[in-house]
Visitor: 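Handing you a structure now.
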Amino acid sequence: MSVVPALTKPRRARKLSVDERTTDSGLHIVAVRKPGVPLVEVRLRIPFLGSGATHPARAAVLADSLLTGAGPHDRAELASAIQSLGADLSVGVDADRLLFTGNVLAPALGGLLDLVALVLTEATFAPDEVAREREREIERLSIARSRSGVIAGERLAARMWGDHPYALDLPTADAVAAATPTQVNNLHRDRVRPDGAVLILVGDVSPKRALDQAERALGAWAGRGKKPRIPKLPDPPPSPLLMVDRPGSVQSSLRMATMALPRTDPDYPALQLANLIFGGYFSSRWVENLREDKGYTYGPHSRIDHQVLGSILMLDAEVATEVTAPSLLETTYELGKMATLPVTEHEVESVRQYAIGSLALSTATQTGLASTLSALSAFGLGLDWIIEHPARLQQVSVEDVSAAAANYLAPTRFTSVVVGDAATVADRLAVLGPIEI
């Protein structure tokens, strides 16, 4: 076994100049000066969790269509205006948020923010453009749902959340086809609003000047309409393993999930390290077992996903059909071992070093810092959390990690789905416990 050098005292991070401001309309702006390259990374996160079966479809078409025209500009003119600034801009959406992602040469930040403001307030949603984006979205959905991993993720979400909006992250093709320009425009009017939105600016700029530019460009952005009432995330009900038949499949997709802790919980650092020991990095127990020892798969992985309404511990693996049941058996074994036997000091020190180093690497660039701050902003966290988290990880003991593993990694906590050739694998899976097909 290789010996991991002892952790040295972390070097004090270079102090970053940061300033923030909330406009009268409710937009929160955070600007961080991070020299390096003469660029500014822009992230505008708008809360977008919605209820109703049609919301994901209309939200997807909205995100796809936002940059197809605004104010006096059609698609080509808007793209040309963005490119002339030395900028890049895209829009994406998921169950929690609508996200503008871009970067621009630092001297042209004001110009890009002016174009973002135009899209926020005067997007045109021309019928022919919406129709074109609908067709593209339907094609993307068809491609996505041809993958067993996507099928497994959807069936797992439905099993855990029932009819909650989190179970409907990907829209149906029929709902996308039915989304009209009027409906998309109404969604834009009602939900693309500044109150609760967060704008992150990271780059080689003066924070105060960047805040002034942002407030000047986005000061006229307003919004109206009622925010939807979203139910609390339910506790996943106990259920047997779900077997989803995919006849003739040469591999199976295994997905397992359970509720986890948010970043704000005092015990989160211990759970973060427990997850890393189990399956969160390349030298973890699960990877060593399934990949190195058994050769069942290239790379099983576990992670903690943080959504606005709750955090999820997610396990995923793609395995050959003939070793589906053995892979589940070994996964259950490793989870049970984590939950019932203490972890070692060597394991904790190894993952502690990995976690601290990974956080430093992920926030070392302007792009990484902007994306991390945008994700943290959904939970009211910011630069202080990034700076202070290494110290929290340093304080976690072996006993803390063992306790977190016992509380959150017991195999009976997990909701599980396998997508594969039921004729080949179902009987073998049934030997391990009850299954539902």
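Below, each value reflects all heavy atoms present in this structure, side chains not excepted, and no hydrogens, waters or symmetry copies.
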Visitor: Just jot down the salt bridge (Lys or Arg N to Asp or Glu O under 4.0 Å) partners of Arg303, sequence neighbours excluded, or say none.
Guide: Asp305, Asp316
Visitor: Quick one about Gln307 and Asp96 (side-chain donor to acceptor, distance below 3.5 Å, no hydrogens or angles considered), yes or no?
Guide: no
Visitor: Could you tell me whether the side chain of Ser142 and the main chain of Glu139 form a donor-acceptor pair under 3.5 Å?
Guide: no
Visitor: If you count the non-hydrogen atoms of other residues, nucleotides and ligands that lie under 6.0 Å from CG in Asp24, is the total more than 12?
Guide: no
Visitor: I'd like to check the side chain to side chain contact (heavy atoms under 4.5 Å, CB included) partners of Ala167; sequence neighbours left out, ordered by chain and number.
Guide: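 For Ala167 the side chain to side chain contact (heavy atoms under 4.5 Å, CB included) partners, ignoring immediate neighbours, are Trp161.
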Visitor: Check step by step if salt bridge (charged side-chain N to carboxylate O under 4.0 Å, His left out) holds for Lys208 and Glu20.
Guide: CA-CA 8 Å; Lys208 183 180 184 305; Glu20 50 191 290; over 6 Å; no
Visitor: List for me each residue that meets ring pair (Phe, Tyr, Trp, His ring centres under 6.0 Å) alongside Tyr281, sequence neighbours excluded, and say none if there are none.
Guide: Tyr354
Visitor: Decide salt bridge (charged side-chain N to carboxylate O under 4.0 Å, His left out) for Arg216 and Asp212; before the verdict, give the C-alpha distance in whole Å, the side-chain angles of both, and the deciding distance to 0.1 Å.
Guide: CA-CA 6 Å; Arg216 183 165 55 249; Asp212 290 341; over 6 Å; no
Visitor: For Tyr166, check ring pair (Phe, Tyr, Trp, His ring centres under 6.0 Å) against everything at least two apart and list the hits.
Guide: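 Here the qualifying residues are His164.
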Visitor: Listing request: all ring pair (Phe, Tyr, Trp, His ring centres under 6.0 Å) pairs with a residue in residues 34-56, at least two apart in sequence or in separate chains.
Guide: Phe48-His55
Visitor: With a 3.5 Å cut-off and no angle check, do the side chains of Gln394 and His389 form a donor-acceptor pair?
Guide: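 Distance-only check fails for Gln394 and His389.
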Visitor: For atom CZ of Arg209, decide whether the heavy atoms of other residues, nucleotides or ligands shown that lie under 6.0 angstrom number more than 12.
Guide: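 No.
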Visitor: For Thr297, enumerate each residue passing the side chain to side chain contact (heavy atoms under 4.5 Å, CB included) test, keeping only those at least two apart in sequence or located in another chain.
Guide: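 Per chain and number, Thr297 pairs via side chain to side chain contact (heavy atoms under 4.5 Å, CB included) with Leu290, Pro300, Val319.
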Visitor: Holding to ring pair (Phe, Tyr, Trp, His ring centres under 6.0 Å), I want the full list of residues that pass it with His28, two or more places apart in sequence or in another chain.
Guide: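 Counting only residues at least two positions away or on another chain, His28 forms no ring pair (Phe, Tyr, Trp, His ring centres under 6.0 Å).
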Visitor: Taking atom types as modelled, find out whether Ser302 and Trp286 have a side-chain donor-acceptor pair closer than 3.5 angstrom.
Guide: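 Their side chains do not contain a donor-acceptor pair, so the 3.5 Å distance test is not met.
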Visitor: Give a yes or no on this: more than 12 heavy atoms of other residues, nucleotides or ligands lie within 6.0 Å of atom CZ of Arg159.
Guide: yes
Visitor: For residues 176-184, run the donor-acceptor check on the side chains, cut-off 3.5 Å, and write out each pair with its distance to 0.1 Å, sequence neighbours left out.
Guide:
unit_1: Thr180; atom_1: OG1; unit_2: Gln183; atom_2: N; d: 3.1
unit_1: Thr180; atom_1: OG1; unit_2: Gln183; atom_2: OE1; d: 3.4
unit_1: Gln183; atom_1: OE1; unit_2: Thr180; atom_2: N; d: 3.0

Visitor: Can you list the residues that meet the salt bridge (Lys or Arg N to Asp or Glu O under 4.0 Å) rule with Arg291, with sequence neighbours excluded?
Guide: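 With neighbours one apart ignored, the set is empty.
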Visitor: Can you pull the side-chain hydrogen bond (donor to acceptor under 3.5 Å, both in side chains) pairs that have at least one residue in residues 33-50, sequence neighbours excluded?
Guide: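 Found Arg33-Asp204, Glu41-Arg43, Glu41-Thr367, Arg43-Ser371.
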Visitor: With rounding to the nearest 0.5 Å, note down the distance linking CG in Asn275 to CD1 in Ile304.
Guide: 4.5 Å
Visitor: Under the salt bridge (charged side-chain N to carboxylate O under 4.0 Å, His left out) criterion, do Glu133 and Arg136 qualify, and how do the steps go?
Guide: CA-CA 5 Å; Glu133 295 306 322; Arg136 290 177 177 172; 3.1 Å; yes
Visitor: Could you name each residue pair satisfying ring pair (Phe, Tyr, Trp, His ring centres under 6.0 Å) that touches residues 83-126, not counting sequence neighbours?
Guide: Phe125-His188
Visitor: Please step through salt bridge (charged side-chain N to carboxylate O under 4.0 Å, His left out) for the pair Glu137 and Arg140, ending with a clear verdict.
Guide: CA-CA 5 Å; Glu137 182 64 27; Arg140 283 190 287 265; 3.1 Å; yes
Visitor: Closer than 4.0 angstrom, basic N to acidic O: yes or no for Arg255 and Glu318?
Guide: yes
Visitor: Listed by chain and number, what are the salt bridge (Lys or Arg N to Asp or Glu O under 4.0 Å) partners of Lys337, not counting sequence neighbours?
Guide: none
Visitor: So that I know where these two stand, are Tyr268 and His306 an aromatic pair - ring centroids less than 6.0 Å apart?
Guide: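 Tyr268 vs His306: aromatic centres under 6.0 Å.
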